[in-house]
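Worksheet: one structure, shown below.
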Amino acid sequence: MKVKEPVIGGICQSLRGRDKDRYYLIRYIYDDGSVGVVDGNFKKLNAPKKKNLKHVRLLPELAESIAAKFENGSKVYDSEVYSALKIYNNPPQAENGD
């Protein structure tokens, strides 16, 4: 299923730039057709990276607990964002049992 519209708390993958193939959480949606993304490590919540929608692939997954916190104005920590994206940015390595 291809996602067409970004949602706050949604997960996306960078397709262009130095951060190519890095996964982010959408923090802001701007009127000019771009999104503000964070990963809790390199891009923190207080300084999101602005990415053009053409340069990201929107995934159908949503970090529901973080999205709910953004929506009701609760405090969200960078460590929460980092933990939510850990499986994407640091996939478990398959052990080689030769």
Side-chain angles (χ1 to χ4, degrees):
M1 178 175 93
K2 187 170 182 175
V3 179
K4 300 207 185 329
E5 290 294 318
V7 293
I8 292 178
I11 297 172
C12 64
Q13 179 184 20
S14 174
L15 300 175
R16 302 275 189 276
R18 280 185 240 176
D19 61 348
K20 184 179 181 206
D21 295 329
R22 189 136 187 92
Y23 290 88
Y24 291 101
L25 192 73
I26 298 172
R27 175 63 184 108
Y28 299 108
I29 300 170
Y30 301 111
D31 294 332
D32 65 354
S34 58
V35 290
V37 296
V38 294
D39 69 357
N41 187 17
F42 299 112
K43 286 294 165 189
K44 307 275 183 170
L45 286 161
N46 61 358
K49 181 176 182 69
K50 191 172 185 180
K51 294 285 281 184
N52 190 319
L53 271 177
K54 295 179 197 173
H55 298 164
V56 295
R57 181 171 65 99
L58 302 172
L59 294 154
E61 287 87 14
L62 179 73
E64 293 175 16
S65 62
I66 296 174
K69 284 185 172 188
F70 284 151
E71 197 170 301
N72 67 25
S74 298
K75 178 80 172 143
V76 178
Y77 296 95
D78 287 313
S79 59
E80 292 175 85
V81 175
Y82 180 78
S83 294
L85 296 173
K86 195 173 194 176
I87 190 74
Y88 298 99
N89 287 323
N90 304 316
Q93 302 297 320
E95 293 198 18
N96 216 351
D98 295 300

Would a single hydrophobic cluster contain both [Y] and [X], if residues Ile, Leu, Val, Met, Phe, Trp and Tyr are joined by side-chain heavy-atom contacts under 4.5 Å?
{"X": "L59", "Y": "L15", "answer": "no"}
{"X": "I26", "Y": "I87", "answer": "yes"}
{"X": "L62", "Y": "L58", "answer": "no"}
{"X": "V7", "Y": "V56", "answer": "no"}

Over all heavy atoms of both residues, which pair between [X] and [Y] is shortest? Give the atoms and the distance, please.
{"X": "L45", "Y": "P48", "result": "O-CD, 3.7 Å"}
{"X": "P6", "Y": "I29", "result": "O-CD1, 3.3 Å"}
{"X": "R16", "Y": "K51", "result": "O-NZ, 2.9 Å"}
{"X": "N41", "Y": "D39", "result": "N-OD1, 2.9 Å"}
{"X": "L25", "Y": "G9", "result": "CD1-O, 3.2 Å"}

I'd like to know whether NZ of K69 has more than 12 heavy-atom contacts from other residues, nucleotides or ligands below 6.0 angstrom.
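Correct, the count exceeds 12.
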Would you say the side-chain atoms of K54 pair up with the backbone N or O of G33, donor to acceptor, closer than 3.5 Å?
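Pair absent, no side-chain N/O of K54 close to backbone of G33.
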Contact between [X] and [Y] at the side-chain level, heavy atoms closer than 4.5 Å - yes or no?
{"X": "V81", "Y": "R27", "value": "no"}
{"X": "L85", "Y": "I11", "value": "yes"}
{"X": "K50", "Y": "D32", "value": "yes"}

Pair listing, ring-ring contact (aromatic ring centres under 6.0 Å, His included) test, anchored in residues 60-90, at least two apart
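Matches after skipping sequence neighbours: Y23-Y88.
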Stepwise side chain to side chain contact (heavy atoms under 4.5 Å, CB included) test for Y24 and D19
CA-CA 10 Å; Y24 291 101; D19 61 348; 2.8 Å; yes
Working to the nearest 0.5 angstrom, can you tell me the gap between S14 OG and K43 NZ?
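Nearest 0.5 Å value for the OG-NZ distance: 11.5 Å.
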State the CG-CD distance between N89 and Q13, to the nearest 0.5 angstrom.
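Output value for this atom pair is 9.0 Å.
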Just do the side chain to side chain contact (heavy atoms under 4.5 Å, CB included) check on V37 and R22 with the steps written out, would you?
CA-CA 11 Å; V37 296; R22 189 136 187 92; over 6 Å; no
